[in-house]
Amino acid sequence: MADYNLTAGIHTISIKTHDTVTETVGVSYVSQNPQTNVTTVRINANKLSGFLVRYPDYLLALESILQRAGIHSYHLIRVDMCFDSFDAEHYQKYAKINRLLISMIAQTYHVQNKYRTTDLFTNNQLSVAIKNPNSFEVENYDKAAESLGNDICQSRFEIRSLRMNNQDIEEEFVHHWDMRFDKAMGCFDATLERYNTELLKRFYEEQRHGQKVKWATFFQKYENCIFTKGQAIDLLEGMGVGRPEERYKYFKKKYGLLTYTDADVRYAIFEIQRARDVFFGGAEKYPIQSDLELKIRPVNKVI
């Protein structure tokens, strides 16, 4: 986990406004409801002058885009915060532990919409995502593949708050998301048990169809669903395999099974939080000129 390094920023925000919107740089989506005369706008402030790694700079860029678009008052409804790596190997190297973290959040909040996408021809994983309607989404995806290599970002972990109701952005991503991560850590064991329950169902279903799958073959097939030593041993016991700890050691040595501990997941969360805190550090961590500071006004304005 030593090079699990992330850089945080705000990817996009979505707002609603009664103003007449002029599409301009940074405005990526505009849709007007003719019945209510309310326009929904998606804004990517990074399009103005590059990826913004400081919140005060982000606010200034956002203000410029709003003025150019003719938006004077609005209601904030959604914010997508991204955590990027510029290492070409990051996505594949950490896809498994990111999947575990996302699975823990899904287990904690009983999320029904859970997805894993793969490339049609190579079968390489492209993304893992969960969507909790009208609440939040989490996704880890291969940004290099998604952008066809046109973006400097190689791997992206993204947390999205879908029901902002004009609340403060920093409050949402510092306090509310910390609570979600804390609750998810409390479901570490339950998540592994959930995976084993589903894996054992699959194993015995294949056995019933006369396939007589060997345990090592099954482990190779589903290694991306086996995250820890304890989970692997419990799975072997559930499959009726003798000397499970010895078999685990054999498989790990021969096939290089990648396993983690709860401390590794905590480290991933810590890095997400660290990158976020750097982004919101503002004048304290990133001194800016006082005249710029005076120009910064709150993002949230009620229509």
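The chain is numbered in sequence order, starting from 1. Quantities reported herein were computed from a predicted structural model and do not represent experimental measurements.
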J.: Looking at Arg180, I want to see if its CZ is surrounded by more than 12 non-hydrogen atoms of other residues, nucleotides or ligands under 6.0 Å.
T.: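 Counting neighbours around CZ of Arg180, more than 12 heavy atoms of other residues, nucleotides or ligands fall under 6.0 Å, so yes.
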
J.: Do Lys249 and Glu246 pass the salt bridge (charged side-chain N to carboxylate O under 4.0 Å, His left out) test, and can you show the C-alpha distance, the side-chain angles, and the key distance before you say yes or no?
T.: CA-CA 5 Å; Lys249 291 179 180 177; Glu246 292 180 22; over 6 Å; no

J.: Might you work through the side-chain contact (heavy atoms from CB on, under 4.5 Å) test for Phe251 and Leu236, ending with a clear yes or no?
T.: CA-CA 11 Å; Phe251 186 88; Leu236 288 167; over 6 Å; no

J.: Distance-only check: which donor-acceptor pairs under 3.5 Å involve side-chain atoms of residues 227-235, not counting sequence neighbours?
T.:
residue	atom	partner	partner atom	Å
Thr228	OG1	Gln231	N	3.0
Lys229	NZ	Glu245	OE2	3.4
Gln231	OE1	Phe227	N	2.6
Gln231	NE2	Asn196	OD1	3.1
Gln231	NE2	Cys225	O	2.9

J.: Tell me whether Arg156 is salt-bridged to Asp80, with the criterion being a basic N under 4.0 Å from an acidic carboxylate O.
T.: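 So Arg156 does not pair with Asp80 through a salt bridge.
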
J.: Run Tyr109 and Phe136 through ring-ring contact (aromatic ring centres under 6.0 Å, His included) and show every step you take.
T.: CA-CA 10 Å; Tyr109 290 94; Phe136 65 81; 5.3 Å; yes

J.: Please determine whether residues Tyr195 and Val241 belong to a single hydrophobic cluster, defined as Ile, Leu, Val, Met, Phe, Trp and Tyr linked transitively by side-chain heavy-atom distances below 4.5 Å.
T.: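 Hydrophobic grouping puts Tyr195 apart from Val241.
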
J.: Quick one: does any side-chain atom of Asn132 pair with a main-chain N or O of Ser135 as donor and acceptor, under 3.5 Å?
T.: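 Judged by distance alone, no pair lies under 3.5 Å.
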
J.: Is it true that, when you exclude Glu89 itself, more than 12 heavy atoms of the residues, nucleotides or ligands shown sit nearer than 6.0 Å to its CD?
T.: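 No.
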
J.: Which residue, Gln167, Arg78, Glu172, forms the side-chain hydrogen bond (donor to acceptor under 3.5 Å, both in side chains) with Ser161?
T.: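 Only match with Ser161 under side-chain hydrogen bond (donor to acceptor under 3.5 Å, both in side chains): Glu172.
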
J.: Could you check whether Asp87 pairs with Lys93 (Lys NZ or Arg NE/NH1/NH2 to Asp/Glu carboxylate O, under 4.0 Å)?
T.: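 Not counted as a salt bridge, because no side-chain N and carboxylate O are separated by less than 4.0 Å.
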
J.: Under 4.0 Å between a Lys/Arg side-chain N and an Asp/Glu carboxylate O for Lys96 and Glu223?
T.: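 No, this pair does not count.
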
J.: Walk me through it: do Lys143 and Glu158 pass the test salt bridge (charged side-chain N to carboxylate O under 4.0 Å, His left out)?
T.: CA-CA 11 Å; Lys143 182 63 177 177; Glu158 195 159 289; over 6 Å; no

